[in-house]
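Before any comments, here is the structure.
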2 protein chains.
Amino acid sequence: MDPIAKRRFKDEIFEQFARIGKALSSGRRLELLDLLAQREFSVEELAEAASLSVANCSQHLRILHAARLVSVQRDGLYARYRLAGENVLDLYLSFRRVGEERLAEVSRVVQTYLKDRSSLQAITNGELLARLKKRDVVVLDVRPEKEFRAGHIADARSIPMATLQKRLKEIPRRSTVVAYCRGPYCVFADEAVTLLRSHGYHAVRLETGFPDWKMQGLPVATGVQQ
Amino acid sequence: MDPIAKRRFKDEIFEQFARIGKALSSGRRLELLDLLAQREFSVEELAEAASLSVANCSQHLRILHAARLVSVQRDGLYARYRLAGENVLDLYLSFRRVGEERLAEVSRVVQTYLKDRSSLQAITNGELLARLKKRDVVVLDVRPEKEFRAGHIADARSIPMATLQKRLKEIPRRSTVVAYCRGPYCVFADEAVTLLRSHGYHAVRLETGFPDWKMQGLPVATGVQQ
DNA sequence: CAACTATTCAAGCAATTACTTGAATAGATG
DNA sequence: CATCTATTCAAGTAATTGCTTGAATAGTTG
């Protein structure tokens, strides 16, 4: 292969891989992927959850779709978007992990906005698994119900953060409550722990979220709670 | 946490992660990471290997450094760059794998430039490991010697592609030769297999390259060949 | 079939990015 | 200390990207 052809090959092949990097180069699109890691969403739902205009959201989804990171299914008026495969979730989670491990600013932003994060205890996936085996915790999924139904930690109960205040009596008082939500950068579980503690419960949050739990091959379920 | 603060937190935290995506959004920078996966390089060496001006190369390295994906060590006049950690290599390899699995254009570009790729056999890491245990192959590292010294497959011999023609007699004729190089998109091993076969050797290439082998925890060594 | 709804498209504008070029910086050498 | 070397910096230019806005498209409803 002559050097010019070799150079052209290199340029083209790396430009192909760069398509994925371009898709992941926007904070907006990363947030959309984070949401889609929970369940499939319509454009309108995504726009609302990520505080984007529908047109802007649609354009970001188009970019993610062009990079083959999301897939779409038409349902009447609705376009339902989801992550295009398990390997996309895997890539997203490892990408986020490298960000956490390498960028000091990640911790700094967390520290700035969630001042009390260090005082609320967080437990790891492994610690939760061990506690589940001992059956001495209540696992509380505080994501919106649709996300719960799409997939949740096995044996978790669903009480969305939005309705937790008026459903506290459903939670047994004697057990430790482990609240979880979408992931380390979702604050539903932080808010839940704060509310629960202010009512005398012993509560902690799961460090990660449902996608991490699932990707680690830990026990999951779908549908409504038993 | 009020909704406005929550929105600001989300915007800022995802923008932090987007820094990694931005760093990976350029084919140039991906090629630099691919090179740095083999060994540490000076700016000048990287510029030459990737066909970039030194100034342009320096700017791309600055972006990679700002995203904490590479680190630099000054050595007199020289700035020696390397991957900043094992997790960066891991991210790069999984990023490339998702590209391979999801982007049809990757195969198409390979097909266009390496028409004979399908006729030359490639074996997997697992197959090579099994053959090594049976001790019935010669493993040939055809990367430049400096890359070999930085790290190579255990028991591999080093004959850089550039000097293979005149060093053929060093290779035993009776064994199968498995040639490997930097990775699936490096053609040193393709060229080596073609040359070897044209001289009557039975030769194949390793599907992957040294970084994949190492990241999979397979046996490696450093320094000059024993 | 008109009106409504969800989504996408296209164009304009501002910001960002990639490369080049020449200058600046810092270390090495004789 | 002048000269050389490797690298980085800064500015200019062209291309690309992100968001908005209004229009277009396609499906649904009454």
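Hydrogens, waters and symmetry mates play no part in the numbers below; they use all other heavy atoms, side chains included. Every chain is numbered from 1, with letters handed out A, B, ... down the list of sequences.
Taking the side chain of Glu44(A) as heavy atoms from C-beta on, and the options dC9(C), dC19(D), dA6(C), the nearest nucleotide is dA6(C). Comparing dC9(C), dT28(D), dC19(D) against the side chain of Asn56(A) picks out dC19(D) as the nearest. Checking dG18(D), dT7(D), dT7(C) against the side-chain heavy atoms of Val54(A) singles out dT7(C) as nearest. Among the nucleotides dA28(C), dT7(D), dT7(C), the one closest to any side-chain atom of Ser42(A) is dT7(C). Checked against dC19(D), dT7(D), dA18(C), the side chain of Gln59(A) finds its nearest nucleotide in dC19(D).
dT8(D) atom P lies 11 Å from atom CG of Leu77(B), rounded to whole Å. Here the C1' atom of nucleotide dT20(C) and the CG atom of Leu52(B) are 12 Å apart, to the nearest Å. Taking atom OH of residue Tyr78(A) and atom P of nucleotide dC4(C), one finds them 16 Å apart after rounding to whole Å. One interatomic measurement links the two molecules: CG of Asp75(B) to P of dT5(D), which rounds to 18 Å at whole-angstrom precision. Across the protein-nucleic acid pair, Gln73(B) atom CD and dA6(D) atom C1' stand 16 Å apart, rounded to whole Å. Atom CG in Leu64(A) sits roughly 10 Å away from atom P in dG18(D) (whole-Å rounding). For the pair Arg62(A) CZ and dC19(D) C1', the interatomic distance rounds to 13 Å; values are reported in whole Å. Across the protein-nucleic acid pair, Glu45(B) atom CD and dT5(D) atom P stand 17 Å apart, rounded to whole Å.
Of the candidates Leu52(B), Leu33(B), Ile63(B), Leu52(B) is the only one forming a side-chain contact (heavy atoms from CB on, under 4.5 Å) with Arg28(B).
Between dT7(C) and Ser58(A), no contact under 4.0 Å exists linking OP1 or OP2 to a side-chain N or O. For the pair Tyr81(B) and dT8(D), the criterion of a side-chain N or O lying under 4.0 Å from OP1 or OP2 is met. Note on Arg74(A): every side-chain N or O is 4.0 Å or more away from OP1 and OP2 of dG27(D). Using a 4.0 Å cut-off, some side-chain N or O of His60(A) falls inside it from OP1 or OP2 of dC19(D).
Salt-bridge annotation for Lys146(A) and Glu45(A): present, with a side-chain N of the basic residue lying under 4.0 Å from a carboxylate O of the acidic one. Note on Arg96(A) versus Glu100(A): salt bridge recorded, some NZ/NE/NH1/NH2 to OD/OE distance being below 4.0 Å.
In this structure, Ser53(A) and Val72(B) both approach DNA chain D, and ranking their closest nucleotides by distance from the 5' end singles out Val72(B). If you find the closest nucleotide of DNA chain C to Gly76(B) and to Ile63(B), the one lying nearer the 5' end belongs to Ile63(B).
Looking only at atom types and distance, the side chain of Arg97(B) has no donor-acceptor partner in the side chain of Asn87(A) under 3.5 Å away.
Taking 4.5 Å as the limit, every side-chain heavy atom of Pro184(A) sits out of range of all side-chain heavy atoms of Glu207(A).
Residues passing the side-chain contact (heavy atoms from CB on, under 4.5 Å) test with Leu218(A) are Asn125(A), Leu129(A), Trp213(A), Gln216(A), sequence neighbours excluded.
Applying a 4.0 Å cut-off to non-hydrogen atoms, the residues of residues 17-37 of chain B that approach DNA chain C are Lys22(B), Ser26(B), Arg28(B), Arg29(B), listed by residue number.
Both the sub-6.0 Å distance and the 45° axial angle are not jointly satisfied by Arg182(B) relative to the ring of Tyr185(B).
Checking side-chain atoms of Glu31(B) against main-chain N and O of Gly27(B) turns up no donor-acceptor pair under 3.5 Å.
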